[in-house]
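All values reported here derive from a predicted model rather than from experimental measurement. By convention here, the first residue in the shown sequence is residue 1.
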Amino acid sequence: MQGVLTGFAVIAVVIGVGYAIGLRGYLGDNGREVLTKLAFHVATPALLFTTLARADLSVIFSSRLLVTALSTIAAASVFVAVGVVRRWGAGRTTIGALCSSYVNSGNLGIPIAVYVLGDASLVAPVLLFQTIVVTPIALTVLDLTSTGEKGPLWRQLITPLRNPVAVGSLSGVLVSATGIGVPAPVLDPLTLIGNMSVPAVLLAFGISLSGSTWPLRGSERTPVLLSVALKSVGQPVAAWALGAGVFGLRGAPLLDVVVTSALPAAQNLFTYAGRYRVAETLARESILLSTVLAVPVLVVVAALLG
């Protein structure tokens with residue numbers, strides 16, 4: 001319980017600071033955009049590289065990863081299906097699908113894994129799956145469907161290799177898989193730069209809240225409600241059903257996969273929406289509401305399965 005409250009308290013304070021900065025205008029009119037670009041192009045790739053370069057890739061073959069992958073696919077697929085039927089567009093549907101299934105495994109997942117589950121490494125399967133598989137696919141879709149000149153076919157095919165977040169993730173996996181030792185003079189600066197990622201994302205998110213309307217009052221009401229319902233209820237229920245019914249998980253392993261699936265949508269999804277200038281309201285409101293709802297959801301999960 002302490003881990004849940006601590007993790008959310010830290011996030012709330014930093015977002016509150018960003019909100020105050022936005023109200024006072026300390027960073028000017030382009031403050032949020034600068035923080036978003038800093039996180040997307042510099043800090044987040046460095047964070048993912050240093051994290052994955054030191055990760056134990058054996059978790060890829062665990063049953064926890066399979067449950068995580070299948071529950072993620074289930075939640076995202078529902079949103080995509082509705083988005084196709086309602087003709088919400090590729091970019092909007094992609095952001096909504098991410099908000100429905102992409103959990104906050106970093107700045108919130110790690111403290112919860114430590115305090116609730118007792119082991120920070122338990123969040124590694126979802127972190128690896130999201131950064132190695134989900135992020136490159138989603139950003140490639142956003143790259144290919146964004147407005148502007150797409151260039152020749154060969155350039156489109158190597159889109160994942162030109163995305164800084166995907167490059168950081170895949171480079172970290174390559175280092176870990178090959179066992180290459182990264183010297184401290186290289187790793188330490190990257191670690192320092194990567195430490196800017198979470199604060200930059202949270203501050204940019206807080207700034208975006210200043211001057212914005214209350215959630216669920218605009219044209220994004222339906223996709224926001226759908227993504228929040230899938231993230232807060234659909235994905236953890238899918239993880240429980242798959243873990244208990246298909247993979248036969250019981251006790252602590254089952255609690256692990258359901259708790260990680262019940263984490264709210266990650267704040268860096270707002271960075272992606274801002275970077276591609278698509279569905280920013282959908283991302284902002286979905287993240288905000290799923291984060292608020294995650295507190296009672298995680299408490300219920302811990303009480304039922306703990």
Side-chain angles (χ1 to χ4, degrees), residues 4-24 27 31-33 35-36 39-40 44 75-76 79 83 88 91-109 111-112 130 138 197-236 260-301:
V4 174
L5 298 178
T6 299
F8 281 103
V10 170
I11 287 178
V13 169
V14 180
I15 290 176
V17 171
Y19 181 78
I21 290 173
L23 286 179
R24 302 292 294 181
L27 298 184
R32 181 183 68 82
E33 184 178 357
L35 287 173
T36 297
F40 185 86
T44 299
F79 192 96
W88 284 340
R92 188 183 183 195
T93 300
T94 300
I95 294 296
L98 287 173
C99 290
S100 303
S101 59
Y102 196 107
V103 307
N104 189 334
S105 59
N107 53 306
L108 182 56
I112 287 180
Q130 290 184 163
S197 176
V198 172
V201 169
L202 294 177
L203 289 173
F205 185 73
I207 292 173
S208 74
L209 294 178
S210 62
S212 61
T213 60
W214 283 92
L216 304 178
R217 292 188 176 183
S219 59
E220 298 284 22
R221 176 186 175 90
T222 299
V224 168
L225 285 173
L226 176 60
S227 69
V228 172
L230 289 170
K231 179 79 250 358
S232 301
V233 180
Q235 189 175 8
T260 53
S261 295
L263 292 170
Q267 274 80 16
N268 59 316
L269 300 180
F270 179 74
T271 301
Y272 301 158
R275 164 63 179 81
Y276 293 98
R277 299 188 180 280
V278 60
E280 293 181 67
T281 299
L282 169 59
R284 180 176 58 247
E285 295 187 1
S286 295
I287 293 167
L288 178 62
L289 293 175
S290 67
T291 300
V292 172
L293 289 175
V295 177
V297 169
L298 287 168
V299 170
V300 170
V301 169

Pairwise distance [atom1]([X]) to [atom2]([Y]) - rounded to 0.5 angstrom:
X: Thr260; Y: Asn104; atom1: OG1; atom2: CG; value: 12.0 Å
X: Thr94; Y: Tyr272; atom1: OG1; atom2: OH; value: 13.5 Å
X: Arg277; Y: Glu33; atom1: CZ; atom2: CD; value: 5.0 Å
X: Thr291; Y: Leu263; atom1: OG1; atom2: CG; value: 10.0 Å
X: Leu226; Y: Arg221; atom1: CG; atom2: CZ; value: 13.0 Å
X: Leu209; Y: Glu285; atom1: CG; atom2: CD; value: 9.5 Å

Taking every non-hydrogen atom, the tightest pair across [X] and [Y]:
X: Cys99; Y: Ala283; result: SG-CA, 3.8 Å
X: Ser101; Y: Ala97; result: OG-O, 2.8 Å
X: Ala265; Y: Ser290; result: N-OG, 3.1 Å
X: Arg32; Y: Phe270; result: NH1-CZ, 3.6 Å
X: Ile287; Y: Ala266; result: CD1-O, 3.4 Å
X: Ala273; Y: Glu280; result: O-CG, 3.6 Å

Less than 4.5 Å apart, side chain to side chain, heavy atoms only: is that true for [X] and [Y]?
X: Val233; Y: Val297; result: no
X: Phe205; Y: Val14; result: no
X: Arg284; Y: Thr281; result: yes

>> Can you classify the ring geometry of Phe79 versus Trp88 as parallel (below 30°), tilted (30 to 60°) or perpendicular (above 60°)?
In response: tilted
State whether the side chain of [X] and the backbone N or O of [Y] hold a donor-acceptor pair below 3.5 Å, judged by distance alone.
X: Gln130; Y: Val103; value: yes
X: Lys231; Y: Ala262; value: no
X: Ser232; Y: Ala229; value: no
X: Ser100; Y: Leu230; value: no

> Do Leu27 and Leu35 pass the side chain to side chain contact (heavy atoms under 4.5 Å, CB included) test, and can you show the C-alpha distance, the side-chain angles, and the key distance before you say yes or no?
Replying inline: CA-CA 10 Å; Leu27 298 184; Leu35 287 173; 4.0 Å; yes
>> Among residues at least two apart in sequence or on other chains, which ones pass salt bridge (Lys or Arg N to Asp or Glu O under 4.0 Å) with Arg275?
In response: none
>> Under a 3.5 Å cutoff, is there a donor and acceptor pairing between the side chains of Ser197 and Thr44?
In response: yes
